[in-house]
There are 2 protein chains.
Amino acid sequence: MANSIPSVIDFFEKFIALTEEDRVKITSSFKEVKVKKRQFIVQPNFVATHRNYVVHGAFRSYVVADEGQEHTIAFAIDDWWITDYNSYIFQKPATMFVVALEDSTIMQIDYEKEKELKASHQKFETFFRTIAERGLAFYQRRLISNLTQTAEERYNEFESKYPLVSQRVPQYALASFLGMTTEYLSKLRNHRAKKK
Amino acid sequence: MANSIPSVIDFFEKFIALTEEDRVKITSSFKEVKVKKRQFIVQPNFVATHRNYVVHGAFRSYVVADEGQEHTIAFAIDDWWITDYNSYIFQKPATMFVVALEDSTIMQIDYEKEKELKASHQKFETFFRTIAERGLAFYQRRLISNLTQTAEERYNEFESKYPLVSQRVPQYALASFLGMTTEYLSKLRNHRAKKK
DNA sequence: ACCAAAAGTTGAACTAGTTCAACTTCCTTT
DNA sequence: AAAGGAAGTTGAACTAGTTCAACTTTTGGT
């Protein structure tokens, strides 16, 4: 199994150039954590203390509405990041759950360490600025899909954009991510299959 | 009428401490532009060259779906920012329109100037990182509303959170922002009025 | 290997929100 | 001040997606 350290470092290097010293700094800011399937890494009412990089595995963040329905906000598989950003950024209580969908390995950085890292060198500030901007653009595109497309169109788009995710997450989680019921997604899938 | 320079400067000072030199640098990075009602500041297929701070006035960004319906993505009134972020951040062609809903005054910074500003001092990198993070958190909350709430709940929430915006934007724009038809919003408003 | 619980399927009844069409009111422009 | 268009309203018919319920399949724990 691949070592986890290179994998986060590689991610940083997509956006900023690192010296050997920087790599050491990053390595000491993160800690590797093994997470079992069904284990929570963020829970409502507790402050999200970490930003989590998924080395390998799969996670899902979701909120629970008044009547108890779960709504998936994000998925994260290998090489993605996940947390309750509203909680982490503002360091206030979370409203989301973040749960492992598989046995996983993650690299966690906590809020204070991240702050030190950013303060230590401009390039780290640049790194976090860049991923925040990309996250912003991502959520904006997602909102546009939700406003402009039908359930079936959203499903098709997801399948073609993220075939790997689609295979690894349970259907009820995908349905609530796409903003539809699990029954309806089941129908979409099966009607589609028949048409072939 | 208030001078536009102090107003952007004040915004920066919410997040970072500025020296007199910094203020001069900011002032020279932005240019004031007067925009007439119905004038576009971003259009599809053109790269969004500026990030726009609204000194006073009102704007709306929207996309046009296949069948021609407009979907409002964001509003911006006094002291807010607006652009097509997906276009601006990646400097690729826009998919949105951004149009003035009133005669307005804005302060524009272009992509290159912003880059220089960020490169010139860590604090500016911090500033843009902070607003990107807040934007991300904002869009994530908006997505949650869209997934978890009914049309009526979204309308009520908007009215109580942004009463000033609600008064200044046309109803068809608000309806499409909230993800419903203008007819349905009209019914919600009037049924509500009767119940009193 | 077995059993209980969780996940997924299918059909029938339903409803929140859309569509269409006709009308009224409010802005702009001249 | 008038005219024409854009914005908003109302009701009736409709539909995409939900809800409910009964069932089958898969998964995980002992």
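This is a predicted model, so every value here is computed, not measured. Every chain is numbered from 1 and lettered A, B, ... according to where its sequence line falls, protein lines coming before strand lines.
With D/dT9, D/dG17, C/dA7 as the choices, the nucleotide that has an atom nearest any side-chain atom of A/R154 turns out to be D/dG17. Counting only heavy atoms from C-beta on, B/K187 has its side chain closest to D/dT10 among D/dA7, D/dT10, D/dT9. Ranking C/dA21, C/dT9, D/dG17 by closeness to the B/E183 side chain, first place goes to C/dA21. For B/Q171, the side-chain atoms get nearest to D/dT9 when compared with the rest of D/dA21, D/dT9, D/dT18. Taking the side chain of A/R38 as heavy atoms from C-beta on, and the options D/dT18, D/dG28, C/dG8, the nearest nucleotide is D/dG28. In the set C/dT9, C/dT18, D/dG8, C/dT9 carries the atom at the smallest distance from any side-chain atom of A/N190.
Within the model, atoms CG of A/N156 and CG of A/L188 stand 8.0 Å from one another, a figure rounded to the nearest 0.5 Å.
In this structure, B/R189 atom CZ and D/dT10 atom C1' are separated by 16 Å, rounded to whole Å. In this structure, the CD atom of A/E67 is 14 Å from the C1' atom of C/dA16, given to the nearest Å. Here the P atom of nucleotide D/dT9 and the NE2 atom of B/H191 are 11 Å apart, to the nearest Å. With rounding to whole Å, B/L147 atom CG is found 15 Å from D/dT18 atom C1'. The nearest whole Å value for the distance from the NZ atom in A/K36 to the P atom in D/dT27 is 18 Å. Remark: P of C/dA5 and OH of A/Y172 are 17 Å apart, rounded to the nearest angstrom. Atom NZ in B/K37 sits about 9 Å away from atom P in C/dC27, given to the nearest Å. Spacing between atom CG of B/L185 and atom P of C/dG17 amounts to 12 Å, rounded to whole angstrom units.
Phosphate contact (OP1/OP2 of C/dG17, side-chain N/O of B/T181, threshold under 4.0 Å): absent.
At a threshold of 4.0 angstrom between heavy atoms, the contacts of A/Y184 include nucleobase atoms, whether or not backbone atoms are also involved.
Between A/S176 and the choices A/T72, A/T182, A/T181, the side-chain hydrogen bond (donor to acceptor under 3.5 Å, both in side chains) rule is met once, by A/T72.
Cation-pi geometry between A/K118 and A/F128 is met: the NZ or CZ atom falls under 6.0 Å from the ring centre, inside 45° of the normal. Stacking of A/R60 on the aromatic ring of A/Y62 is recorded, both the 6.0 Å distance cut-off and the 45° axial limit being met.
Contact between B/A17 and B/D22 at its shortest, heavy atoms only, is O-OD2, 4.1 Å.
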